[in-house]
Amino acid sequence: MKIQPVQGTRDFYPDKMRWRNWLFDACRQVSQLYGYEEFDGPFVEYLDLYAAKSGEELVNEQTYIFESRGGEKLAIRPEMTPTLARMVAARQNELRKPIRWFTIPNIWRYERPQRGRKREFYQYNIDLLGVESIEAEAEVLSVVVDIMRALGLEKGEFVIRVNNRYYLEDLLRKLEIDIDKKDAVFREIDRVEKLKPEAFRTNLETVGLSADQITALDSALRQKNFGDFPALKSLWEKFEQYGISDYVEFDPSIVRGLLYYTGTVFEVWDPTKKFNRAIMGGGRYDNLITSLGGQPLPAVGIAFSDVTIEEMLAQQGKMPELPREIDAYVAYYSAGEKATAIKIAADLRKSGLRTELNILDNSLDKQLKAANNSGARYAIIVAPDELQRGEVNVKNLRQREQKSVKLADLGEALKG
RNA sequence: GUGCCCAUAGCUCAACUGGUUAGAGCACUGGUCUGUGGAACCAGGGGUUGUGGGUUCAAGUCCCAUUGGGCACCCCA
């Protein structure tokens, strides 16, 4: 019987796992540099947690829902923010503020997999809660910029597109577009880039906008200047102070689908747009904690997944080479030297060196080949003649040089 | 959830319009080389052609279903 993996799930063989760890390490390191702490939560929640505020389609069509044995409606987390909000609301008073948290949960969404989209993925989330000023946005985006740079992406290789939903609402008001039509109009704005111009017009006509309103809206969306809109103006001043203004640009067509965003929204994109989706998405969600029964608490967050970031790196030829690496491989001439080899390996490990011991009683020839494939920097060859002098051969596998070393000096010889 | 494309050894691919025991390169194992690795040469193992049905004298090749992968839509990380 041959069983294939479940659609859209991920197998991480060691080669791939090294990459995942590399990615997670970068996220953790940078987040901690800014004083953010890692947290985690359960990967199942009551469905109601999402029903409240996530997007309708996300909950109704893309969430894995099941009934527990007790008959409760449960959901496998399709995003992390509601869990974060629930946890914060539950201990709101005792938590030190502002709250700087990050997490890398495993997320599930029931969608048709395609490039940059699986059903199972890891999603780095960073959130800053308790800061009303737009300085929060600047700090969170600054972390994001540093992570991208830690991953090897420089200026011009990614761009953070920023907007503010209130700016859009303002725009609708100026164009005298009925506020009741906001959701429908936002939806079209959100995908204006993907729609053909005619489709954009027709869709808005269907919503009930006049030809003049559509033309005015269309040209306003091309305007890459937010004028004197206060929130955006001071946000750009902060970007300047944080030294990240080279990485951001204003884009009035950024809306975001999730319902809980208020004010600032942002997305990270591949500037070549070869990958025609946002790599990251986030924004301000000032009302989510209250809607889950907490006291008012402003919040800003952003998230990206291992799948999209991999696509981004691959697209730009930036996937790192991460070969297997250990410090030493212990080989031995014959079974007679094995006991000594075991002891040497144990000693090396005690001194913190990653040491693989040859475990098959095969020829030296094979052992050296294995040593080479193990990714070891050094091969330790335990052989009778040298052993009589209290020495072993130490072979630098990269430089192909070999010397005989006293057992007592072995640890020192491998440090360089 | 809708439409379309794809599926042959661990990997990348072959196999004329359906026609004899499904091939190659790389990788792997062994040998040339029983105290020393990445080269070369030689040899070898490994596929009931994703799975299950059907058509046919005959199917990797045609049909149906199913599973997985990909692209667009949808949505979104």
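Atom set for the values below is all heavy atoms of this structure, side chains included, hydrogens, waters and symmetry mates excluded.
The side chain of Gln7(A) places an N or O atom within less than 4.0 Å of a non-bridging phosphate oxygen (OP1 or OP2) of G69(B). In terms of phosphate contacts, Arg112(A) brings no side-chain nitrogen or oxygen within less than 4.0 Å of OP1 or OP2 of C74(B). Side-chain nitrogen and oxygen atoms of Gln114(A) include none within less than 4.0 Å of the OP1 or OP2 phosphate oxygen of C71(B). Taking only side-chain nitrogens and oxygens, Arg400(A) never comes nearer than 4.0 Å to OP1 or OP2 of U36(B).
Comment: Asp347(A) engages Lys343(A) in a salt bridge, judged by a side-chain N to carboxylate O separation of less than 4.0 angstrom.
Partner of Phe226(A) under the ring-ring contact (aromatic ring centres under 6.0 Å, His included) criterion, chosen from Tyr167(A), Trp236(A), Tyr166(A): Trp236(A).
Atom CZ of Arg191(A) and atom C1' of A72(B) are 14 Å apart (whole Å). Separating the CD atom of Gln402(A) from the P atom of U36(B) is a distance of 10 Å, rounded to the nearest angstrom. Atom NZ in Lys118(A) sits about 11 Å away from atom C1' in G68(B), given to the nearest Å. Atom CD in Glu120(A) sits about 15 Å away from atom C1' in G68(B), given to the nearest Å. Atom pair Leu368(A):CG and G35(B):C1' shows a separation of 10 Å (rounding to whole Å applied). Distance Leu195(A) CG to C74(B) P: 7 Å, rounded to the nearest Å. Atom pair Ile279(A):CD1 and A77(B):C1' shows a separation of 9 Å (rounding to whole Å applied). The separation between Asp11(A) atom CG and G69(B) atom P is 10 Å, rounded to whole Å.
A cation-pi contact links Arg119(A) to Tyr110(A), judged by a cut-off of 6.0 Å to the six-membered ring centre and 45° from its axis. Relative to the six-membered ring of Phe43(A), Arg77(A) misses at least one condition, a distance below 6.0 Å or an angle of at most 45° to the axis.
Comparing atom distances between the Phe121(A) side chain and each of G70(B), A77(B), U36(B) picks out A77(B) as nearest. The side chain of Leu364(A) sits closest to G35(B) out of A77(B), G70(B), G35(B). Picking from G35(B), C76(B), A72(B) the nucleotide with the shortest atom distance to the side chain of Arg256(A) gives C76(B).
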Can you pull every protein N or O that's under 3.5 Å from an N or O on nucleotides 28-33 of chain B?
{"unit_1": "G31(B)", "atom_1": "OP2", "unit_2": "Lys366(A)", "atom_2": "NZ", "d": "3.3"}

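As rounded to the nearest Å, C74(B) and G10(B) have C1' atoms that lie 37 Å from one another. One P atom belongs to U49(B), the other to G31(B), and the distance between them is 33 Å to the nearest Å.
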Read 5' to 3' with Watson-Crick or G-U pairs under 3.5 Å, [ ] for crossing pairs and | for partners on another strand, RNA chain B gives (((((((..((((.....[...)))).(((((.......))))).....(((((..]....))))))))))))....

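No hydrogens or angles were tested; on distance alone, a donor-acceptor pair under 3.5 Å links the side chain of Arg277(A) to the base of C76(B). In terms of polar N and O atoms assigned as donor or acceptor, the side chain of Glu111(A) comes within less than 3.5 Å of the base of A77(B) in a complementary pairing.
Arg389(A) CZ: more than 12 foreign heavy atoms inside a 6.0 Å radius.
Annotation: side chain of Asn163(A) is not in contact with side chain of Asp251(A) (no heavy-atom distance under 4.5 Å).
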Between Arg277(A) and Glu311(A), is a salt bridge (charged side-chain N to carboxylate O under 4.0 Å, His left out) present by the stated rule, with each step listed?
CA-CA 11 Å; Arg277(A) 284 182 48 201; Glu311(A) 189 55 41; over 6 Å; no

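Across the interface with RNA chain B, nearest-nucleotide mapping of Arg115(A) and Tyr261(A) shows Arg115(A) to be the residue nearer the 5′ end.
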